[in-house]
Amino acid sequence: LTPEDTDANDSVWSPDGKSLAYRVNKGGEGDVRIRDLASGREVVVMRSDGLPGPVEWSPDGKSLICAQGTTGLRLWIAPVAGEGKPRLLLNETVLRQIRFSPDGRFFAYVSGVSGQNEVYLRRFPPTDERWQISQGGGVEPYWRRDGKEFFYITPDRTMTSVPIRIPPVAPAVEIGKPQPLFAAPTTSGRLTRSTYVVTRDGGRFLFSVPVDRSRPTITLIQNAVPRD
């Protein structure tokens with residue numbers, strides 16, 4: 001999908017699946033590009049010596065959230081069309097984990113502003129309002145498709161569910177009590193990406209689990225062509 005001579009990583013699909021955002025590394029510097037898969041046209045939306053990388057698209061596909069920083073990550077919002085400069089989304093140190101609500105009016109993110117990583121909720125575009133979703137620590141936020149349930153993982157790797165209600169007009173956000181679901185079969189790792197996805201109804205979870213290379217494995221190769 002990207003040119004062969006490009007050192008590219010951190011790719012994120014656009015909501016319509018027609019474009020791909022990714023980071024290009026250039027020896028300590030980098031830029032974020034968006035590639036139209038049909039035409040091959042690329043647009044550079046952010047360039048920095050802090051190795052910026054794409055994190056999440058807004059649901060309407062008009063904005064790309066990028067993380068940038070060498071000593072602490074900050075979230076930036078970049079216009080997808082490449083017109084206009086990126087602007088700071090949040091002036092606080094965060095993890096590379098952000099999730100928009102299905103309707104695009106709110107976003108959840110992870111910050112250590114309290115002294116430990118917690119999941120917070122803000123409006124989009126941001127205001128001074130902020131709601132804390134997790135209790136006692138949390139990472140890897142994820143919304144159920146209908147926006148009525150929220151998931152995150154606690155420091156002891158427990159998958160947790162929180163009922164949430166965001167009225168279409170009223171300003172209040174109602175956040176319920178966190179409920180533990182099950183032990184997540186993953187480790188925290190570098191906390192740069194989420195280790196799971198959830199089905200639309202919130203009933204099933206798919207995890208990215210590291211391979212235990214100490215266990216013996218069997219590799220099956222089918223339809224192999226014998227050599228002389």
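Quantities reported herein were computed from a predicted structural model and do not represent experimental measurements.
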Can Leu20 and Leu37 be said to form a side-chain contact (heavy atoms from CB on, under 4.5 Å), step by step?
CA-CA 7 Å; Leu20 185 72; Leu37 300 181; 4.2 Å; yes
side-chain contact (heavy atoms from CB on, under 4.5 Å) between Ile175 and Val173: does it pass, once the steps are laid out?
CA-CA 6 Å; Ile175 300 174; Val173 175; 4.0 Å; yes
Test log, rule side-chain contact (heavy atoms from CB on, under 4.5 Å), inputs Ile77 and Leu64:
CA-CA 6 Å; Ile77 180 169; Leu64 181 67; over 6 Å; no
Audit row: Tyr196, Tyr142, side-chain contact (heavy atoms from CB on, under 4.5 Å) steps and yes/no:
CA-CA 9 Å; Tyr196 70 99; Tyr142 206 101; 3.4 Å; yes
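Put simply, the side chain of Tyr120 does not reach to within 4.5 Å of the side chain of Ser134, judged on heavy atoms. At a threshold of 4.5 Å between non-hydrogen side-chain atoms, the residues Trp76 and Lys85 do not count as touching. Here the side chains of Asp128 and Arg130 are not in contact, with every heavy-atom distance at 4.5 Å or above. Taking the side chain as every heavy atom from C-beta outward, Pro180 and Met159 never approach each other to under 4.5 Å. Contact annotation: the side chain of Asn117 never approaches that of Ser111 to less than 4.5 Å [non-hydrogen atoms, C-beta and beyond]. Looking at heavy atoms from C-beta onward, Ser194 lies in side-chain contact with Arg99 at the 4.5 angstrom threshold. Side-chain contact between Leu89 and Phe124 is present, with at least one heavy-atom pair separated by less than 4.5 Å.
Note: Phe205 and Phe151 have perpendicular aromatic rings, judged against thresholds of 30 and 60 degrees for the angle between ring planes. Phe100 and Phe107 have tilted rings, their planes meeting at an angle from 30° to 60° on a 0 to 90° scale.
Judged by distance alone, the side chain of Trp143 and the main-chain N or O of Pro102 form no donor-acceptor pair under 3.5 Å. Using modelled atom types, no side-chain atom of Thr195 and backbone atom of Phe207 make a donor-acceptor pair closer than 3.5 Å.
The shortest heavy-atom contact between Ile65 and Ile98 is CG2-CD1, 4.0 Å. Between Ala108 and Val119 the shortest heavy-atom distance is CB-CG1, 4.3 Å. Scanning both residues, Tyr152 and Gly138, for their nearest heavy atoms gives CD1-CA, 3.8 Å. Contact detail for Gln116 and Gly137: the closest heavy-atom pair is NE2-N, 3.6 Å. Annotation for Gly203 and Thr199: closest pair N-OG1, 3.4 Å, computed over non-hydrogen atoms. Contact detail for Pro59 and Gly104: the closest heavy-atom pair is CG-CA, 3.7 Å.
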Please list, one pair per line, the donor and acceptor atoms closer than 3.5 Å that link side chains of residues 160-167 to other protein atoms, with sequence neighbours excluded.
residue, atom, partner, partner atom, Å
Thr160, OG1, Thr158, O, 3.2
Ser161, OG, Glu149, OE2, 2.5
Arg165, NH1, Glu174, OE2, 3.2

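Between the CD1 atom in Ile34 and the CH2 atom in Trp57 there is a gap of 4.0 Å [rounded to 0.5 Å]. The distance from the OG atom of Ser19 to the CZ atom of Arg33 is 15.0 Å, given to the nearest 0.5 Å. Expressed to the nearest 0.5 Å, how far CG of Asp201 lies from CG of Asp146 amounts to 9.0 Å. The CG atom of Leu75 sits 9.5 Å away from atom SG of Cys66, with the distance rounded to the nearest 0.5 Å. With values rounded to the nearest 0.5 angstrom, Leu73 atom CG is found 12.0 Å from Glu92 atom CD. Rounded to the nearest 0.5 angstrom, Phe106 CZ and Ser101 OG are separated by 7.0 Å.
Between Arg105 and Asp103 there is a salt bridge, since a side-chain N of the basic residue sits under 4.0 Å from a carboxylate O of the acidic one. A salt bridge between Glu129 and Arg122 is absent, with no side-chain N of the basic residue lying under 4.0 Å from a carboxylate O of the acidic one. Ion pairing between a basic and an acidic side chain is recognised when a charged N comes within 4.0 Å of a carboxylate O; Arg157 and Glu140 show such pairing.
Under the side-chain contact (heavy atoms from CB on, under 4.5 Å) criterion, Arg47 pairs with Asp31, Val44, sequence neighbours left out.
A donor and an acceptor atom, one from each side chain of Arg74 and Thr93, are located under 3.5 Å apart. No donor-acceptor contact under 3.5 angstrom links the side chains of Tyr109 and Glu118, judged on distance only.
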